[in-house]
Amino acid sequence: MATPAFRPTHVVPPDGLPAWESPDVARPTDPLDALLPVELRDRRGDWAYVACSNGWSAWVDGRLLVSVPQPPPAAGQPLARTADPRPLLARAEESLTQYRRAAQDLAEGRSDGEGFRQRTRGLRVGMVVDGESVWLYDAEHERWVFCDGTRLSTYAAQAGPGAAGPASGEAEAPAPAPPPAPAPAAEPPRMVAGEKPDPEPTRVVAPDSPEPTRVVTADEPEPTRVVRPDAPEPTRVVTPDEAEPTRAITVTGPDEPPGGGTSGDAGR
């Protein structure tokens, strides 16, 4: 029977490591020497079954083993090119999330080494991003694929190419702000039939300024006005059935108006 090739996966810590014949603390055996390369063959909880280069094997505390860096698995097929890396990116994101959760549970004590190994069994994900270039491992076809993003753009377009972006290292100018929207025009005042207008506000008018034009309804009383003695009487619209208003006339001449007189003129 051929002995399988020895491929060390871990190293014993610098202080050495106790060993047991089985995963039982009641059956100890010779301890392992410091910095001894071993190959991990099996796990049972925190227990790890390791083999040495001379074929001797034992059970140890797997939490204390020091991992040996391993090269990534070789692809079974040559490098290929993909036009759309999004399906592989989604698959890589899902595998990384699953691995991250398993590693977090192991680190926080919610899982042991055996559980971590079972949860991560079969996961194979690889991704290298360098600027616009990306290399993704396609586990289904066991090959690496390359994409630089140029094939993701449209193959045909009616319009010409857009404006060139800023040069490398230059800050992109902010987009101009849109012009402010015009304010809505104020609606002119309107009078609804049957509705009384609002009272006119009090205004200070200079004595020599003309009287402002006002709209007066037929049933509205005439407003009180202060008229100077020498001012002409304002024009008014009088209906035929309206009584003539009483007016005060100032006599400036020596003659009296017809039908009047004073006590000194009685004998004239």
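- A heavy-atom distance below 4.5 Å is not found between the side chains of Val68 and Thr9.
- How far CZ of Arg63 is from CG of Leu106: 10.5 Å, rounded to the nearest 0.5 Å.
- Side-chain contact between Val11 and Pro8 is absent, with no heavy-atom pair separated by less than 4.5 Å.
- Panel note: side chain Asp33, backbone Leu36; no donor-acceptor pair is recorded below 3.5 Å.
- Other residues, nucleotides and ligands place more than 12 heavy atoms under 6.0 Å from the CD atom of Gln118.
- Between Leu136 and Thr82 the shortest side-chain heavy-atom distance does not fall below 4.5 Å.
- Rounding to the nearest 0.5 Å gives a distance of 12.0 Å between CZ of Phe116 and CZ of Arg121.
- Nearest heavy-atom pair, Phe146 versus Ser133, reported as atom, atom and distance to 0.1 Å: CE1-CB, 3.6 Å.
- Atom CG in Leu96 sits 13.0 Å away from atom CZ in Arg91 (nearest 0.5 Å).
- Salt-bridge annotation for Glu39 and Arg41: present, with a side-chain N of the basic residue lying under 4.0 Å from a carboxylate O of the acidic one.
- Applying the 6.0 Å contact sphere to CD of Glu21 captures more than 12 heavy atoms from other residues, nucleotides or ligands.
- Between Trp59 and Tyr49, the ring-plane angle classifies as tilted under the 30° and 60° cut-offs.
- Proximity of Leu32 to Val60: side-chain heavy atoms (C-beta onward) are separated by under 4.5 Å at one or more points.
- Contact annotation: the side chain of Arg119 approaches that of Asp105 to within less than 4.5 Å [non-hydrogen atoms, C-beta and beyond].
- Shortest non-hydrogen contact noted between Glu142 and Tyr137 is CA-OH, 3.5 Å.
- A heavy-atom distance below 4.5 Å is not found between the side chains of Asp61 and Pro18.
- We find the CZ-CG distance between Arg117 and Asp42 to be 6.0 Å, quoted to the nearest 0.5 Å.
- Met127 contributes atom CE, which lies 9.5 Å from atom CH2 of Trp144 (distance to the nearest 0.5 angstrom).
- Remark: Trp135 CH2 to Cys147 SG distance equals 11.0 Å, nearest 0.5 Å.
- Distance alone, capped at 3.5 Å, is enough to place a donor-acceptor pair between the Glu114 side chain and the Gly45 backbone.
- Considering only residues two or more places apart in sequence or on other chains, Thr29 meets the side-chain hydrogen bond (donor to acceptor under 3.5 Å, both in side chains) condition with none of them.
- Here Arg143 pairs with Gln77, Ala80, Asp138, His141, Val145 under the side-chain contact (heavy atoms from CB on, under 4.5 Å) rule; sequence neighbours left out.
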